[in-house]
Amino acid sequence: MDLNLLKEEELASLRQLLTTAKNIVICAHRAPDGDAMGSSLAWMDYLNGTGKTNVKVCMPDATPDFLHWLPGSNAVIRYDRRPREVERIFKEADLVCCLDFNQPSRVDAMQEALESSEAPRLLIDHHLDPDEGCALAISRPDMSSTSEIVFRLICQLDGFETMTRQCAECIYCGMMTDTGGFTYNSSRPEIYYIIGQLLTKGIDKDEIYNRVFHNYSTNALRLRSHIILNKMKVVEELHASYYTVTKEDMTQFHFVKGDMEGLVNIPQQIKGLKLSISLREDTEKQNTVLVSLRSCNGFHCQPMATKFFNGGGHADAAGGKLNCTLEEAEQVVIKALLYYKDQLKTKVL
């Protein structure tokens, strides 16, 4: 099966960027998820295997607890904890690899350090509207994940034979988490061919699944149950649901990062539901609400995320952010539902 993504001139440009670089920085978006971490750590592993001895992974902030097992995660340098060190790394870099985000604003507080670097930028991503200020932008919105793109690039760079099991684990984790365990955006046969290839590297896909999805604390499970039981609102006539999560909710159940991961998918189990929205207060910033959207059954949430929530994403998995109170954010949700009511109220056959 042909997995090549790049034309010959693009491949030559990529090889040139990698060959001449000595000090390489890999970075991903704020609140890095499984795909951001998986693709970044896999890319680091590949570059190390080619003889690159100074490859740094810098993230804006913390990763969820359930991703700390990923090979190489202990080498990640967090900007929110060590800003001066990260700024120095960007300043000394001669190549910056931007993975799993389309615009510099997605790295939040680390944006100034990224944009002040004089190094050429290599973008590897699967979101819409890629940054045009890159030396090379490998943007494939039709791919399941940035991790899938990284796998394909490694193969096209003749790196599959020497791919380590650790690299393969990171790629599989990224692909798995960005498709909800291969339940959406994962119908192309190439995806399952790639999984087969990763299995030849000795990964245990069942163990990876357990480490990611069966890794909640008792408090996390009680928080998730509380939200579904007491906070979820279902708008039956519009086949939509939404819920709010306050700082008080999170404090009550001793919230740690990752405890809410994937909860926005749960309401989609309701028969005929088309849209699920999560509104969560930011634990660090006042009047900031983090928004996640998931859709199915013929409705696509990405346009809604862009129009109403200052965000974007993929057709059926998107997100955004509102600078307001949680009560005001709830009113924005109601406006959004009414705006798309004609698409939402159509019954699912």
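- Of the residues Arg82, Glu87, Arg88, the one that meets the side-chain contact (heavy atoms from CB on, under 4.5 Å) test with Arg84 is Glu87.
- Looking only at atom types and distance, the side chain of Asn185 has no donor-acceptor partner in the side chain of Thr179 under 3.5 Å away.
- For Arg15, the CZ atom sits in a packed shell: over 12 heavy atoms of surrounding residues, nucleotides or ligands are nearer than 6.0 Å.
- Interatomic distance, CG of Asp2 versus CZ of Arg152, reported as 8.0 Å (0.5 Å rounding).
- Within 6.0 Å of CD in Glu112 there are 12 or fewer heavy atoms belonging to other residues, nucleotides or ligands.
- No hydrogens or angles considered: a donor-acceptor pair under 3.5 Å links the side chains of Thr164 and Asp45.
- A distance of 4.5 Å separates CE of Met37 from CG of Leu41, quoted to the nearest 0.5 Å.
- Under the 4.5 Å side-chain heavy-atom criterion for Ile, Leu, Val, Met, Phe, Trp and Tyr, Phe213 and Leu221 are members of distinct hydrophobic clusters.
- Between the side chain of Asp94 and the backbone N or O of Asn23, at least one donor-acceptor pair lies under 3.5 Å.
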message = If you apply the rule side-chain contact (heavy atoms from CB on, under 4.5 Å), what do you find for Val212 with Cys173, and how did you get there?
response = CA-CA 8 Å; Val212 172; Cys173 179; 4.0 Å; yes

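- Each of Ile89, Ile77, Val76, Leu99 was compared with Val57 under the side-chain contact (heavy atoms from CB on, under 4.5 Å) criterion, and only Val76 meets it.
- Within the 4.5 Å cutoff, the side chain of Gln302 has heavy atoms near those of the Leu128 side chain.
- No side-chain heavy atom of Met1 sits less than 4.5 Å from a side-chain heavy atom of Ile194.
- Summarising the geometry of Asn310 relative to Lys321, their closest heavy-atom pair is ND2-O, 3.0 Å, with the distance given to 0.1 Å.
- Judged by distance alone, the side chains of Asp35 and Ser147 do bring a donor and an acceptor atom under 3.5 Å apart.
- At a threshold of 4.5 Å between non-hydrogen side-chain atoms, the residues Ser117 and Val25 do not count as touching.
- Sparse packing is recorded around CZ of Arg222, with 12 or fewer heavy atoms of other residues, nucleotides or ligands lying under 6.0 Å away.
- A pairwise comparison of heavy atoms in Leu5 and Gln156 identifies N-OE1, 3.0 Å as the closest pair.
- In this structure, Asp142 does not pair ionically with Arg188, as no charged nitrogen and carboxylate oxygen lie closer than 4.0 Å.
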request  = Output, in order, the C-alpha distance, side-chain angles, deciding distance and verdict of side-chain contact (heavy atoms from CB on, under 4.5 Å) for Lys285 and Asn323.
outcome  = CA-CA 9 Å; Lys285 299 179 180 179; Asn323 295 317; over 6 Å; no

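- The pair Glu330-Lys233 counts as a salt bridge, with a side-chain nitrogen and a carboxylate oxygen less than 4.0 angstrom apart.
- Contact annotation: the side chain of Cys27 never approaches that of Ser40 to less than 4.5 Å [non-hydrogen atoms, C-beta and beyond].
- Looking only at side-chain heavy atoms (C-beta outward), Lys274 and Gln343 stay at 4.5 Å or farther from each other.
- By the rule that hydrophobic residues join a cluster once side-chain heavy atoms approach within less than 4.5 Å of another member, Ile26 and Leu18 end up as members of one cluster.
- At a threshold of 4.5 Å between side-chain heavy atoms, the hydrophobic network of Ile, Leu, Val, Met, Phe, Trp and Tyr places Tyr209 and Trp69 in one connected group.
- When all heavy atoms of Phe160 and Cys155 are compared, the closest pair comes out as CB-SG, 4.0 Å.
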side-chain contact (heavy atoms from CB on, under 4.5 Å) between Gln286 and Lys247, intermediate numbers included = CA-CA 10 Å; Gln286 293 293 326; Lys247 291 179 182 179; 3.4 Å; yes

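- Taking both residues in full, the closest heavy atoms of Ala42 and Ile171 are given as CB-CG1, 3.5 Å, listed atom of the first, atom of the second, then distance.
- Checking side-chain atoms of Lys205 against main-chain N and O of Leu198 turns up no donor-acceptor pair under 3.5 Å.
- By the 30° and 60° cut-offs, the orientation of the rings of Tyr172 relative to Phe182 is tilted.
- Smallest separation of non-hydrogen atoms from Ser295 and His300: OG-CA, 3.5 Å.
- Lys341 NZ to His239 NE2: the interatomic distance, rounded to the nearest 0.5 Å, is 15.0 Å.
- Rounding to the nearest 0.5 Å places CH2 of Trp43 at 14.0 Å from SG of Cys170.
- When side chains are defined from C-beta on, Leu273 does not count as touching Cys296, because their heavy atoms never get closer than 4.5 Å.
- Using a 4.0 Å cut-off between charged nitrogen and carboxylate oxygen, Arg30 and Asp282 count as a salt-bridge pair.
- Under the 4.5 Å side-chain heavy-atom criterion for grouping Ile, Leu, Val, Met, Phe, Trp and Tyr, Leu122 is not connected to Phe101 through any hydrophobic cluster.
- Here the closest non-hydrogen pair linking Lys257 and Ala62 is NZ-O, 2.6 Å.
- By the rule that hydrophobic residues join a cluster once side-chain heavy atoms approach within less than 4.5 Å of another member, Leu263 and Leu290 end up as members of separate clusters.
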message = What verdict does the side-chain contact (heavy atoms from CB on, under 4.5 Å) test give for Glu248 and Glu281, after you've listed the backbone C-alpha separation in whole Å, the side-chain angles of each residue and the deciding distance to 0.1 Å?
response = CA-CA 10 Å; Glu248 289 74 19; Glu281 285 189 309; 4.2 Å; yes

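- A donor-acceptor pair under 3.5 Å is formed between the side chain of Thr50 and the backbone N or O of Leu47.
- Listed for the Tyr243 side chain is a donor-acceptor partner under 3.5 Å among the backbone atoms of Val264.
- Summarising the geometry, atom OG belonging to Ser144 is positioned 4.5 Å from atom CE belonging to Met175; distances are rounded to the nearest 0.5 Å.
- Residues Glu237 and Lys345 form no side-chain contact, since every pair of their non-hydrogen atoms from C-beta on lies 4.5 Å or further apart.
- Asp249 places a side-chain N or O within 3.5 Å of a backbone atom of Thr246 that can act as its donor or acceptor partner.
- Cluster partners of Met304, by chain and number: Val235, Leu238, Tyr242, Leu275, Ile277, Leu279, Val289, Val291, Leu293, Phe299, Phe308, Phe309, Leu322, Leu326, Val332, Val333, Ile334, Leu337, Leu338, Tyr339, Tyr340, Leu344. The rule joins Ile, Leu, Val, Met, Phe, Trp and Tyr whenever side-chain heavy atoms lie under 4.5 Å apart.
- If you check the side chains of Ser13 and Glu9, you find no donor sitting under 3.5 Å from an acceptor.
- Side-chain contact check for Leu199 versus Ile195: some heavy-atom pair is nearer than 4.5 Å.
- In this structure, Lys56 fails the cation-pi test against Phe90, since its NZ or CZ atom is not both closer than 6.0 Å to the six-membered ring centre and inside 45 degrees of the ring normal.
- Going from atom CG of Asp100 over to atom NE2 of His126 covers 4.5 Å, rounded to the nearest 0.5 Å.
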